[in-house]
Amino acid sequence: MIKHIFESRQKLEMGIYLRVLSLVYLYGAVVHFANLLGFGELSWREMPLSWKLGDIFYGVLDPITAVGLWLKTTWGIAGFLLAAMSQIILYLGFPAWFVFTPEHQQTLWSLVIFHLISLGIFFSLSCSAFKLG
């Protein structure tokens, strides 16, 4: 099954989807780097520790994932799965670490929904490639 998921990247529809996801993760990397440089909602010194750690971790993971997805590599897909699943677990399991205003709550839920939808599309394209190919 896992081998098939990684082999599905050769299908046209999956290749297009991986390139679109790559652009999304590149945008995420830019946001994390902007936060690290103090251009976010709060300066680096005022940021909660959970935000700092998230910006550092995803600031490294997102650009690597973006390149890997663009090139349709196994490590790009693994990075996508790691980023999406870890954010879902963090945001649903420990929301108090990230939410300090109603706007934060809305952003958090938007990210959870985005990751659930992106994973759903990924696995559905992967399964359709398995049935057809």
Side-chain angles (χ1 to χ4, degrees):
M1 177 71 172
I2 293 192
K3 179 183 174 188
H4 168 71
I5 288 172
F6 292 116
E7 288 175 356
S8 69
R9 68 181 187 237
Q10 302 306 326
K11 300 292 184 185
L12 176 65
E13 301 84 6
M14 181 63 88
I16 293 168
Y17 182 64
L18 293 177
R19 293 264 168 103
V20 170
L21 268 181
S22 172
L23 297 174
V24 172
Y25 276 84
L26 182 61
Y27 170 76
V30 169
V31 169
H32 291 298
F33 280 116
N35 289 340
L36 290 170
L37 295 172
F39 295 111
E41 181 179 339
L42 299 171
S43 72
W44 178 257
R45 298 182 106 181
E46 298 170 339
M47 236 186 250
L49 180 61
S50 57
W51 288 16
K52 290 178 183 178
L53 293 174
D55 280 332
I56 292 168
F57 181 75
Y58 294 109
V60 172
L61 181 60
D62 284 359
I64 293 170
T65 299
V67 170
L69 289 171
W70 188 266
L71 298 175
K72 298 185 275 186
T73 64
T74 302
W75 52 269
I77 294 171
F80 158 64
L81 295 173
L82 174 63
M85 295 299 289
S86 64
Q87 287 186 54
I88 290 169
I89 291 167
L90 279 173
Y91 297 156
L92 291 180
F94 308 97
W97 291 358
F98 303 97
V99 175
F100 301 101
T101 67
E103 292 80 21
H104 296 160
Q105 182 69 41
Q106 183 177 359
T107 301
L108 184 126
W109 279 110
S110 298
L111 288 168
V112 167
I113 290 167
F114 164 76
H115 287 301
L116 289 171
I117 290 170
S118 67
L119 285 168
I121 293 169
F122 175 80
F123 285 114
S124 106
L125 285 172
S126 182
C127 289
S128 70
F130 181 67
K131 292 176 187 173
L132 298 174

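One is the number of the first residue; the rest follow in order along the sequence.
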* Close side-chain approach of Tyr58 to Val31, heavy-atom, < 4.5 Å -> no
* Examine distances only and state if a side-chain atom of Ser118 and a backbone atom of His115 form a donor-acceptor pair shorter than 3.5 Å. => yes
* Asked: Is it true that a side-chain atom of Thr107 and a backbone atom of Glu103 form a donor plus acceptor pair closer than 3.5 Å?
  -> yes
* Structure fact -> Ile113 meets the side-chain contact (heavy atoms from CB on, under 4.5 Å) criterion, sequence neighbours left out, with Ile117
* **Contacts of Ser43 that satisfy side-chain contact (heavy atoms from CB on, under 4.5 Å) - sequence neighbours left out** => Arg45, Glu46
* Are Trp51 and His32 close enough that their ring centers fall under 6.0 Å? -> no
Are [X] and [Y] connected in the hydrophobic side-chain network, where two residues link if heavy atoms are under 4.5 Å apart?
{"X": "Phe33", "Y": "Phe57", "result": "yes"}
{"X": "Val20", "Y": "Ile64", "result": "no"}
{"X": "Leu116", "Y": "Leu69", "result": "yes"}
{"X": "Leu119", "Y": "Leu111", "result": "yes"}
{"X": "Leu90", "Y": "Met47", "result": "yes"}

* Asked: Which residue pairs satisfy the side chain to side chain donor-acceptor pair (under 3.5 Å) criterion with at least one member in residues 17-29, sequence neighbours excluded?
  -> none
* To do: Could you label the plane-to-plane angle of the Phe94 and Trp97 rings as parallel, tilted or perpendicular, counting under 30° as parallel and over 60° as perpendicular?
  => parallel
* For the student: nearest non-hydrogen atoms of Val112 and Ile88, plus distance -> O-CG1, 4.5 Å
Under 4.5 Å between side-chain heavy atoms, chaining through other members, with only Ile, Leu, Val, Met, Phe, Trp and Tyr counted: pull out the rest of the cluster around [X], sorted by chain and number.
{"X": "Leu49", "value": "Leu53"}
{"X": "Leu26", "value": "none"}
{"X": "Leu37", "value": "Phe39"}

* Taking atom CD of Gln105 as the centre, does the number of heavy atoms from other residues, nucleotides or ligands within less than 6.0 Å exceed 12? -> yes
